[in-house]
A.B. asks: 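Below is the structure I would like to discuss, written out as structure tokens.
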Amino acid sequence: MTSYAYVPAKLVKHVRKPNSPVAVLVYKALTTRFFPSLPGHFCMLWVPGYEAIPLSIAYQEGAHYYFIVKKRGPTTTKLVEDPPRYVGLIGPAGSPIPAPSSGGKILLLGGGVGIAPLIYFATTIASYVESVTLVYGVRSSNELVELDQIFNVNRFKNVELIIVVEEVCERAVFKGTLIDYITVKIGDRLEEYDRVYASGPQTFLCKLYEVFNRAGLLDRLVLVLETYVRCGLGFCGKCTIPGTSKLLCRDGPALSAQLLKNWFAKICV
Amino acid sequence: MNLNIDVAGIKLEHPVMNASGILGSTYNDIAVLARAGFAAFVTKSFTREKREGYGTPIAVPISETLSLLNAVGLENPGLEGLAELLDSCKIFGKPIIVSIAGSSPEEFVEIAVVAEEHGATAVELNLSCPHVRGRGLEIGASPSAVREIVGIVSSSINIPVIVKLGLVDRLVEVASAALEAGARALTLINSVKAMKIDIYAAKPILGNRVGGLSGKAIHPIAVRAVYEVYRELKPDIIGVGGVFSWEDAIELIMAGARAVQIGTAIIYYGPEIVREIVEGMKRFLEQQGFRSIEEIVGYAVS
């Protein structure tokens with residue numbers, strides 16, 4: 001059973017670099033009947049006077065929900081530039097990211113705001129896996145969210161954060177795209193990772209699928225997908241994942257790459 | 001024991017179908033319902049032209065009562081999409097009922113004709129949508145409007161015409177008008193016009209502000225509506241409203257329904273809930289010494 005709820009919530013934190021198209025928002029539930037979430041869950045965040053948009057939950061601590069938002073349309077622009085004091089959260093939507101069954105080395109690849117569910121995931125699995133390598137790629141430094149400061153990801157000794165930026169940036173460990181990083185830095189060592197989870201722009205996920213397909217490692221790859229979402233509750237049918245019979249807001253957003261052969265053929269080729 | 005039953009002349013392997021608006025828009029939606037084991041499928045309401053629907057949020061869960069408030073706005077791909085949907089869904093080999101939400105008698109007829117041409121088992125005229133002006137509840141509250149639309153559709157097609165009515169004051173009178181005009185069955189009831197306000201934002205939450213309430217909260221209302229119409233008119237009835245368990249389904253059948261539709265329970269429990277409901281109904285009939293569903297239709301009505 002899904003414990004769907006509508007949760008009125010109040011803004012408690014807004015972190016944004018000057019002129020950045022990205023912001024971190026923390027909203028606190030104003031009811032004790034708020035919904036619990038697991039990594040991979042998202043919710044419909046309603047901005048009064050605007051629309052409701054699907055947003056990954058980047059972290060949850062009790063009544064506090066963390067989000068990372070990038071400007072795309074009017075609603076996200078409002079959220080990034082001038083987030084409202086009160087919003088409504090409808091959720092939890094989707095299914096949790098399938099966790100690795102036991103220890104092992106885990107690679108997480110997050111492109112842009114796609115990093116959101118992977119932060120939450122990293123903090124959940126860190127306690128029982130051998131190591132988590134969290135590679136965070138962004139186009140430019142002003143899109144960079146300070147994961148260490150906001151989410152305190154370095155509190156886990158076995159979580160390594162690697163920042164990859166396409167433009168020159170002093171904070172970056174590597175200059176280039178996430179795909180460049182995999183090609184140059186990981187290369188043949190891809191199979192050292194027991195499980196790889198990726199979330200980010202579709203073009204990135206497509207390229208990654210190709211890389212893993214070529215390496216014969218699709219069974220180790222999980223992709224966190226995006227679709228258009230309308231109801232968020234599994235009844236309107238708008239979020240069907242192309243090439244599959246799955247609904248993003250019920251079965252997704254994370255699917256094993258092995259199930260995505262037809263998705264790849266439809267979306268990437 | 002089997003749960004075979006027929007309603008409006010449609011043979012069903014068991015009495016549970018989905019309610020219109022829940023996963024009935026695309027081939028994939030119907031595939032999900034088929035996998036879960038529904039006995040028949042009801043499509044989303046179709047209009048002649050494609051409709052985009054309302055702005056989001058289009059649905060708000062009211063979790064305290066396992067209910068849902070929605071105002072989707074009759075979003076659908078229009079006539080062209082209907083033909084495509086029906087052609088692709090023949091493969092499932094189960095009855096498919098096309099819900100229609102016209103704004104004029106002619107529009108209802110046009111869609112019903114296309115539905116029949118493309119192999120629909122029946123049509124369900126949505127005369128009770130609670131949130132789109134000129135389509136639905138306004139028609140369904142007027143016996144003369146109901147008589148006109150049901151009459152012209154019934155004389156234009158050969159497949160059964162089912163009429164879906166909502167919560168209106170003169171329900172028995174409207175139901176009677178629909179049956180006299182040729183309806184083979186009634187679906188009772190649609191969601192109930194309602195609103196939810198966020199007290200901090202101080203605004204109604206739905207994009208359309210007003211929507212339809214479905215789920216547990218309206219179950220007793222549905223039971224009452226089915227009971228009253230069955231007692232007065234004894235028609236074939238498909239009961240709908242807050243069916244979450246086999247007990248809820250049996251209750252509607254004892255009030256006079258021959259089949260039930262489930263909607264909000266699919267959202268809270270997933271489509272697989274249908275199996276639990278069907279198995280529970282079987283057990284109940286066996287334990288209570290009944291031999292068929294037929295035996296308990298209207299069993300509580302006196």
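A, B, ... follow the sequence lines: proteins, then strands. Residue 1 opens every chain. The model shown is predicted, which means the values in this text are computed figures rather than measured ones.
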A.B. asks: Only one of Ser99(B), Ser45(B), Ser20(B) clears side-chain hydrogen bond (donor to acceptor under 3.5 Å, both in side chains) with Asn126(B); which?
C.D. replies: Ser45(B)
A.B. asks: Which one of Gly232(A), Pro84(A), Pro8(A), Ala52(A) has the most heavy-atom pairs closer than 4.5 Å to chain B?
C.D. replies: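 Going by pairs under 4.5 Å, I would pick Ala52(A).
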A.B. asks: Would you please name every residue forming a ring pair (Phe, Tyr, Trp, His ring centres under 6.0 Å) with Tyr59(A), sequence neighbours left out?
C.D. replies: Tyr66(A), Tyr120(A)
A.B. asks: Sort out for me which of Asp198(B), Ile273(B), Ile22(B), Ile62(B) touches chain A most, counting heavy-atom pairs under 4.5 Å.
C.D. replies: Asp198(B)
A.B. asks: Should the ring pair Phe264(A) and Tyr209(A) be called parallel, tilted or perpendicular, given that the plane angle runs from 0 to 90° and is split at 30 and 60?
C.D. replies: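 Geometry flag for Tyr209(A) against Phe264(A): parallel rings.
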A.B. asks: Is any residue of residues 200-212 of chain B within less than 4.5 Å of chain A by heavy atoms, and which ones?
C.D. replies: Tyr200(B), Ala201(B), Lys203(B), Pro204(B), Ile205(B)
A.B. asks: Taking the six-membered ring for Trp, is the centroid-to-centroid distance between Tyr65(A) and Phe35(A) below 6.0 Å?
C.D. replies: yes
A.B. asks: Is there less than 2.5 Å between the SG of Cys231(A) and that of Cys236(A)?
C.D. replies: no
A.B. asks: For chain A, which of Gly53(B), Pro61(B), Ser63(B) has the most heavy-atom pairs under 4.5 Å?
C.D. replies: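 Option with the top pair count is Pro61(B).
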A.B. asks: Pick one of side chain, backbone, both or neither for Thr75(A), based on which atoms fall under 4.5 Å of a heavy atom in chain B.
C.D. replies: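 For Thr75(A), no heavy atom lies under 4.5 Å from chain B.
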A.B. asks: For each of Arg35(B), Lys44(B), Lys196(B), Glu75(B), tally heavy-atom pairs with chain A at distances under 4.5 Å, and name the one with the top tally.
C.D. replies: Glu75(B)
A.B. asks: Of the backbone (N, CA, C, O) and the side chain (C-beta and beyond), which part of Leu68(B) lies under 4.5 Å from a heavy atom of chain A, both, or neither?
C.D. replies: side chain
A.B. asks: Sort Ile90(A) into side chain, backbone, both or neither according to what part of it lies under 4.5 angstrom from a heavy atom of chain B.
C.D. replies: side chain
A.B. asks: Taking salt bridge (Lys or Arg N to Asp or Glu O under 4.0 Å) as the test, write out the residues that go with Glu64(B), two or more places apart.
C.D. replies: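 Residues passing salt bridge (Lys or Arg N to Asp or Glu O under 4.0 Å) with Glu64(B): Arg33(A).
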A.B. asks: Between Trp263(A) and Ile241(A), is any pair of side-chain heavy atoms under 4.5 Å apart?
C.D. replies: yes
A.B. asks: Is Lys238(A) in contact with chain B via its backbone, its side chain, both, or neither, using a 4.5 Å heavy-atom distance?
C.D. replies: side chain
A.B. asks: Which one of Glu51(A), Arg230(A), Met44(A), Lys246(A) has the most heavy-atom pairs closer than 4.5 Å to chain B?
C.D. replies: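 Most heavy-atom pairs under 4.5 Å with chain B: Arg230(A).
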A.B. asks: At a 4.5 Å cut-off on heavy atoms, which part of Val72(B) comes close to chain A: side chain, backbone, both, or neither?
C.D. replies: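 For Val72(B), heavy atoms of backbone and side chain both lie under 4.5 Å from chain A.
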A.B. asks: Is any side-chain N of the basic residue among Lys282(B) and Glu279(B) closer than 4.0 Å to the acidic one's carboxylate O?
C.D. replies: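 Counted as a salt bridge, because a side-chain N and a carboxylate O are separated by less than 4.0 Å.
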A.B. asks: Taking the six-membered ring for Trp and the full ring for Phe, Tyr or His, determine whether the centres of Phe67(A) and Phe42(A) are under 6.0 Å apart.
C.D. replies: no
A.B. asks: For Lys71(A), look at atom NZ and say whether over 12 heavy atoms of other residues, nucleotides or ligands are found less than 6.0 Å away.
C.D. replies: yes
A.B. asks: Can you name the salt bridge (Lys or Arg N to Asp or Glu O under 4.0 Å) partners of Lys50(B), sequence neighbours left out?
C.D. replies: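 Salt bridge (Lys or Arg N to Asp or Glu O under 4.0 Å) list for Lys50(B), sorted by chain: Glu52(B).
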A.B. asks: Heavy-atom pairs under 4.5 Å with chain A - which of Thr26(B), Val32(B), Ile58(B) has more of them than the others?
C.D. replies: Ile58(B)
